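Below, chain A is the first sequence line, B the second, and so on; all start at residue 1. All values below come from the heavy atoms of this structure, side chains included, with hydrogens, waters and symmetry mates left out. Keep in mind that this is a model prediction, so the values were computed, not measured.
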Amino acid sequence: MADPSSPLRESSTTLSIALEAWPFDPFAVLRPWSTGSAAAAEAHFIGRVRGWSAAGEPLAALELEHYPGMTEAQLERLAAAAAARHAVRAVLVRHRVGRVQPGEAIVLVAVAADRRGPAQRCCQELLEALKHDAPFWKKEVGVAGQGRWVDGNTPLEEPAPPGQGTQTIRTA
Amino acid sequence: MADPSSPLRESSTTLSIALEAWPFDPFAVLRPWSTGSAAAAEAHFIGRVRGWSAAGEPLAALELEHYPGMTEAQLERLAAAAAARHAVRAVLVRHRVGRVQPGEAIVLVAVAADRRGPAQRCCQELLEALKHDAPFWKKEVGVAGQGRWVDGNTPLEEPAPPGQGTQTIRTA
Amino acid sequence: MTTDLAGPPHLQVRLFAGLREQAGWGERHLALHEPATPDAHNGAPPPTAAQLWQRLGLGPWPAGVRVAVNREFAEPGRILAAGDEVAYLPPITGG
Amino acid sequence: MTTDLAGPPHLQVRLFAGLREQAGWGERHLALHEPATPDAHNGAPPPTAAQLWQRLGLGPWPAGVRVAVNREFAEPGRILAAGDEVAYLPPITGG
């Protein structure tokens, strides 16, 4: 549905924040949220568990520890701050806790706004904020069952991967 | 499914580009694409038709004209260039043509990559590129049936909207 | 078309959006050289995209218009060749 | 709890992730003042979060650890009050 209101109406933001204890389908979450807002601009980010550890070893699973009560409250504070900074309409955050398998979604951030710039920037900033300021801790579980707490997040800026020089384009 | 390959494998990009002559559900497009790649990082953007014109008048529809043959080829060139620049795994673009109603999706861009930075930056850059370099032309159709060609795209940077000072946060 | 192969070299010209509506046509088949001149027979160079625009009689070059030749962007100074598809594109407003 | 209200003022202490595993516990109820000292009765100021860490006997302050008091981030120098929930958080690795 189109938003019938004038472009100059008072702005307000709807936050939808939740922890997920079990595997979730990001699109089953996004579709009703998106249909409800039908904003002119929507940016999403989905993060999934890689199949290998930070050290490059095969990974059986990640164990996601959090601080019940504080983690939810902190996600809400971060989302409200990012939403206000960019004056967006709606923010959605889902984050897994517990044991997460490679390929499963671990984090979902979505932002609906009147303009593409605020939607994209708010989505990026909130993702960085929750990676640094929402209490979650990842333990990598190797295929032999050994566990190792992850030291820190992967940096946002990465050197070009070695495969870039041999990049090939397929159309599908 | 998790990607079982090593993080140092040769990179290649899969492009999925299409024009849509009828309303489409972005999530029906995204879900199978996303499931197929199951990349560690996925960024999406959905643009929808606003309910009012650039001049702030109520809008009945947009008429999207394109250059058959060139528009598809140009989208593919832009997507391949952005994909190579950021060394991402997969890029998807959908763009409406014909008559589009307020609230309907007009553009969908999605990028799957190994890292969040390249996924987000590639998605943003490709959206800007197609807004400036893919041959589409919007005609605004007013509620009285009058048509007006749009002069140019909305700028990426916007001043803060007037409602920002009275921003309120709702949790849902 | 078979008839074209036997006749003088031609161009396909296309206009879009506001340009198409102002001109009242969107697609036209033109001789590479202006028929009223002897160019076609004296080896004069073929026109550029900007020179072809003058021949169309649609007024001065409109601000912001871009040229595509054979469905790729080209400079207005691009020299045209027989069989080219030349398009004049008003400022793009997609996405 | 009713029994606490009648007794000396207490703190709730929580450890997470690597800190929890190294300590061998994740949650502990402690008196606000060290029981072996007379502080509890002579009006000495309550400890800061960093001072409380020393009392826990878990070694020097670990690099990158952050403090939360009552489920909000706080400085290590934050002075604790009776009933506070104090948490020591190793570097965050979510998202």
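- Side-chain N or O atoms of B:K138 include one that pairs as donor or acceptor with a backbone N or O of C:G95 at under 3.5 Å.
- For the pair C:T93 and B:E140, the minimum side-chain heavy-atom distance is 4.5 Å or more.
- Heavy-atom contacts from other residues, nucleotides or ligands closer than 6.0 Å to CD of C:Q54 number more than 12.
- Considering all non-hydrogen atoms of both residues, B:R77 and C:R71 come closest at NH2-O, 3.0 Å.
- Residue B:Y67 comes nearest to C:A68 through the heavy atom pair CE1-CB, 4.4 Å, listed as atom of the first residue, atom of the second, then distance.
- The minimum heavy-atom distance linking B:H66 with C:F16 is given by the pair O-CE2, 3.5 Å.
- In plain terms, the two heavy atoms of B:W137 and C:P91 that are nearest each other are CD1-O, 3.2 Å.
- Residue B:R96 does not touch chain C at all, counting heavy-atom pairs closer than 4.5 Å.
- C:I92 and B:K131 get closest at one heavy-atom pair: CG2-O, 3.3 Å.
- Looking at B:I106, the atoms closer than 4.5 Å to chain C (heavy atoms on both sides) all sit in the side chain, from C-beta outward.
- Residues of residues 76-90 of chain C lying within less than 4.5 angstrom of chain B, judged on heavy atoms, are C:E85, C:A87, C:L89, C:P90 in numerical order.
- Looking only at side-chain heavy atoms (C-beta outward), C:E21 and B:E65 stay at 4.5 Å or farther from each other.
- The two residues B:H132 and C:R66 have their closest heavy-atom pair at O-NH1, 3.0 Å.
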